[in-house]
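Quick note: numbers below take in every heavy atom, side chains included, and nothing from hydrogens, waters or symmetry partners. Model, not experiment: these values are computed from the prediction. Numbering of ligands and ligand atoms starts at 1, following listing order.
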Amino acid sequence: MNKSILSRIFVVLSLLFVLVLGVAAEDAKPTPADPNLPPVKIGVAVAQTSNVALFGQEQVIGAQIAEAYFNERGGINGRPVQLVFQDTAGDEAGAINAFQTLIADDVVGILGPTLSQQAFSADPIAEQAGVPVIAPSNTAKGIPQIGEFISRVSAPVAIVAPNSVKAALKIDPTIQRVAVFYAQNDAFSTSESGTFQETVKELGLEMLEPVQTFQTTDTDFSAQITNALAGNPQLVIISGLAVDGGNLVRQLREFGYTGLIVGGNGLNTANIFPVCQALCDGVLVAQAYSYSADTEINNAFREVYVEQQGKNPPQFSAQAFAGIQVFVESLIQLDDEQGLDNLDLATLRAELNKIILSGRKFDTPLGTISFTEEGEIVQESFYVAQIQMNEDGTTGSFVFLEEDAKEE
Ligand code: 1QQ
C-alpha cells in the first residue's frame, strides 16, 4: 500500500470520526433519574376496572408514558418519579378508598379520579388531608371549587362542549330541531347537558321538549328514542358515559334516525367502537387535545404512544400525561427553590400546591397551560373530531375537522 492511499484512508477515517462525534452530540441523551436515589411518589387513582375503565385504561397509558418520559430526562433533579396506582373502579366508594390508601402511602399528590361523579366524593378527602389533586378528566362545573387543593387539566364542559354543536351547524346549516339526551345519575353528564341546552338556545335552535333522561346503567333506550323521534329532530345531542352513550347511538340509528349526532366527553374514546360499531360513524365529539399539535413535547408524547399502541393518542391519555407533567415540573421548581429534603410531607404537599396554582406555565401536549388561583385550567386550543368507522365496522378513528370548523 503506498503512502497516498494510506493518507486518503486516514482522511476518510477522520471524517467518519468527526461525523460520528457530530451525530452523537446531536443525539445527546439527557441524564436519566438515578434509581439509587429515593423516589418521589405520585398517586394515580383512576378506574382500572368497571365500565369506567374504558376511560381509565387510556389514562393509565398516558400517565405511564409521562413517568418514563420524565425519568429518562432526570426525574426530579435526579430523583425518580414513581407512580403509585390505585384502582378506583367506577363509583364513589372506590374513589374514596383509593384516595385514602394513596394518602396513607405518603404520595405528594394525586392524579384522579376518572369521573366528576367520583371527584365530588373523593376530592374532599384529599382537601381535608392537604394533598394536591389534579383532575385528569373531571369536566363538570364546580370541580376546582371543591377546595384549595383541587385543580384540573381537563377543560370544563362550558368551554369544550359548545364547539361540537357549532361544528354540527357548519356541516348542516339547516338544523333547527334538536333533541337532547343525558344520564341524570351522573354529575358530569348532567353538567354537560346543561351547557348543551344553553348552547342550543343561544344559537337560536329549537330544543325539543321534554329533554330525554336515562341512567348510565340503562341498556334499552327505546322509550326515550321513540319520544324524541316524534319531534323529528335534525340533531341529537348525548351526554352520558361510554357504554350507555354507545348503546344509545346504536339504538338511535337502529330506530332509523339519520341526522347528525353530537356526543359529549363521555363518548370521547375509541372504546365505544365495539359498542356502536359501524353505527358510531359520523358522531361529532369536541376535543381538548389534538394529536397533531406540532410542538416538541406533543411530538415526543405522540411518538411513544404510537409506537406502543399503534394509533394516535386520545385526549384522555394526553390529559393524564399533562397532569403528571404538572406535578413533575412543579416538584422540580420546589426542589430548586426549597429542596424537597428540607420539607416535611405536609409542607411539601402544601408548597407543591402553591406552585401549581401560582399561574406559572406548563408546556404540555395540550399546549401551554396554566391554572387560575382556584385551580381551573387556562388552555388555548380546542378542536372537534368526527368518528369515522372503517369498512370492517369495528375499527375506526376520530378525524379532526378543518381549522375553520373549530374556530369561533
Ligand atoms: C367527567 C367526564 C367523563 C366523561 C370522564 C370520563 O368528563 O366525569 O367529568
- prompt: Should you measure from each heavy atom of F316, which atoms of ligand 1 turn up under 4.0 Å away?
  reply: 5 (C), 6 (C)
query: Within the distance-only criterion (no hydrogens, no angle test), does the side chain of T347 pair as donor or acceptor with the backbone N or O of L343 below 3.5 angstrom?
result: no
query: N138 heavy atoms, cut-off 4.0 Å: which ligand 1 atoms fall inside?
result: 9 (O)
message: Below 3.5 Å, N or O to N or O, backbone or side chain included: is there any such pair between Q117 and ligand 1?
response: no
- prompt: Which residue holds the protein heavy atom closest to atom 7 (O) of ligand 1, what is that atom called, and what is the gap in Å?
  reply: T139 OG1, 2.8 Å
- line: Here the atoms of ligand 1 under 4.0 Å from any heavy atom belonging to G266 are 4 (C)
statement: Rounded to the nearest 0.5 angstrom, the CZ-CG distance for R152 and D123 is 10.5 Å
- prompt: Do F400 and Y291 have ring centroids that are under 6.0 Å from one another?
  reply: yes
task: Report the relative orientation of the aromatic rings in Y289 and F301; use parallel for angles under 30°, tilted for 30 to 60°, perpendicular for over 60°.
output: perpendicular
query: Nearest protein heavy atom to atom 9 (O) of ligand 1, by residue and atom, and its distance?
result: S116 OG, 2.4 Å
query: Under 6.0 Å from the six-membered ring centre of F255 and within 45° of its axis: does the NZ or CZ of R253 meet both?
result: no
- prompt: When you measure from atom 2 (C) of ligand 1 to every protein heavy atom, which one gives the shortest distance, and what is it?
  reply: S137 O, 3.3 Å
message: Is the distance from the ring center of F188 to that of Y182 below 6.0 Å?
response: no
